[in-house]
Structure formats: C-alpha cells, structure tokens
Amino acid sequence: QVQLVESGGGSVQTGGSLRLSCAVSERTISSLHMGWFRQPPGKEREFVVGIGRSDGAKFYIDSVKGRFTISRDSAENMLYLQMNSLKPEDTASYYCAANSRRNFTPLSNEYDYWGQGTQVTVSS
C-alpha cells in the first residue's frame, strides 16, 4: 500500500510563497503518476498540478501556470509543490495523490492513494 505524508502548509499574505512536500513510501515515486489537488471549504476537490510517472511530463491548470511548480526527487522519494505569488483564491486544503494507471489522469476518482492534506491560507 502506497503511503503519502504531506507537510509545508501554513498562512501567508498575498504575494507570499510556500513549498509543500509529499513523502512517498512503499513504492518508488518514478513508478507513480503524482498529483496535487486542493479543496476549499464547502467546495469540491479540484486538480491543480501533476507529473507523469514515465517521462516526468508536467500538467498545470491555467490559474496556477507561472506561479506553481511541481517537481520530484527520485533519490529522496519526495514530491514538491513550490507556490509563488499566492492569492486568496489559492486558500484550500491541499492533497498529494498517486496512481499507477497506464496514462496520466487529472481525475480525482482515478487516484488510488491520498495524503492527509495540509492547509494553505492566503490573507488579504
């Protein structure tokens, strides 16, 4: 069973930065499609960014392009999300997720493994 443990959330002002981390165990990260999802209070979970298991191709929703960067460290089996120029609209619980399907997917119901979530709050 793949296990994911997230950290790095916090509270920042508009324009600030945060770096989220996701520690992956039981499987090598390069064998998994990885994604970051977020869920504002009272709203549905949405895909934010992802990275493909085989070629490392990266996928971003339009609202975070140029501000968020996903990366992985195979030696440490870690996934990261660097978030810059944060906006109040980015406020949400952020979740690390993984799946081992043949093709990359941004659909939450096609991810099998999830972290516990970490809160990101952007004020002003």
So do [Y] and [X] actually touch side chain to side chain, heavy atoms under 4.5 Å?
X	Y	answer
Tyr113	Met34	no
Glu89	Ser63	no
Phe59	Ile51	no
Thr105	Asn99	yes

**Request:** Start with the C-alpha distance between Glu110 and Arg101, add both sets of side-chain angles, then the distance that settles side-chain contact (heavy atoms from CB on, under 4.5 Å), and finish with yes or no.
**Result:** CA-CA 8 Å; Glu110 294 185 347; Arg101 294 173 181 266; 3.3 Å; yes
**Message:** Within the 3.5 Å criterion, strictly below it, is a donor on Thr69 or Gln82 matched to an acceptor on the partner's side chain?
**Reply:** no
**Asked** Going by atom types alone, do Gln119 and Ser93 pair a side-chain donor with an acceptor below 3.5 Å?
**Response** yes
**Request:** Output all residues satisfying side chain to side chain contact (heavy atoms under 4.5 Å, CB included) with Lys43, sequence neighbours left out; order by chain, then residue number.
**Result:** Pro40
**Asked** Can you name the residues that form a side chain to side chain contact (heavy atoms under 4.5 Å, CB included) with Val120, not counting sequence neighbours?
**Response** Leu18, Leu20, Met83, Tyr94, Val122
**Asked** side chain to side chain contact (heavy atoms under 4.5 Å, CB included) with Cys22: which of Asn77, Leu81, Leu79?
**Response** Leu79
**Asked** Do Ile29 and Val5 belong to the same hydrophobic cluster, where Ile, Leu, Val, Met, Phe, Trp and Tyr are linked whenever their side-chain heavy atoms lie under 4.5 Å apart, directly or via other members?
**Response** no
**Request:** Using atom types as modelled and distance alone, determine if a side-chain donor or acceptor of Ser108 lies under 3.5 Å from a backbone N or O of Phe47.
**Result:** no
**Message:** Given 3.5 Å as the limit, does a donor-acceptor pair link the side chain of His33 with the main chain of Arg53, or not?
**Reply:** yes
**Request:** Mind checking side chain to side chain donor-acceptor pair (under 3.5 Å) for Asp90 and listing every partner two or more places apart, or none if nothing turns up?
**Result:** Arg38, Arg67
**Item:** Gln13 atom CD, neighbour heavy-atom count above 12 within 6.0 Å
**Value:** no
**Request:** Please assess Val24 against Val2 for the test side-chain contact (heavy atoms from CB on, under 4.5 Å), listing each intermediate value before the final yes or no.
**Result:** CA-CA 7 Å; Val24 182; Val2 173; 4.3 Å; yes
On a heavy-atom basis, which atom in [X] and which in [Y] lie closest, and how many Å separate them?
X	Y	result
Asn84	Ser17	OD1-OG, 2.9 Å
Ser7	Thr118	C-OG1, 4.3 Å
Leu32	Ser100	CD2-CB, 4.2 Å
Ser124	Pro88	C-CG, 3.7 Å
Thr28	Ser31	O-OG, 2.7 Å

**Request:** Could you pull out all residues at least two apart from Tyr111 that satisfy ring-ring contact (aromatic ring centres under 6.0 Å, His included)?
**Result:** Phe37
**Fill in**
Members sharing Leu107's hydrophobic cluster, built from side-chain contacts under 4.5 Å between Ile, Leu, Val, Met, Phe, Trp and Tyr, are none
**Complete:** Students should find that the hydrophobic cluster of Met78, defined by side-chain heavy atoms under 4.5 Å apart, otherwise consists of Tyr80
**Asked** So, for Phe68 and Tyr60, is the gap between ring centers shorter than 6.0 Å?
**Response** no
**Asked** Say you draw a straight line from CZ of Arg72 to NZ of Lys58; how long is it, rounded to the nearest 0.5 Å?
**Response** 9.0 Å
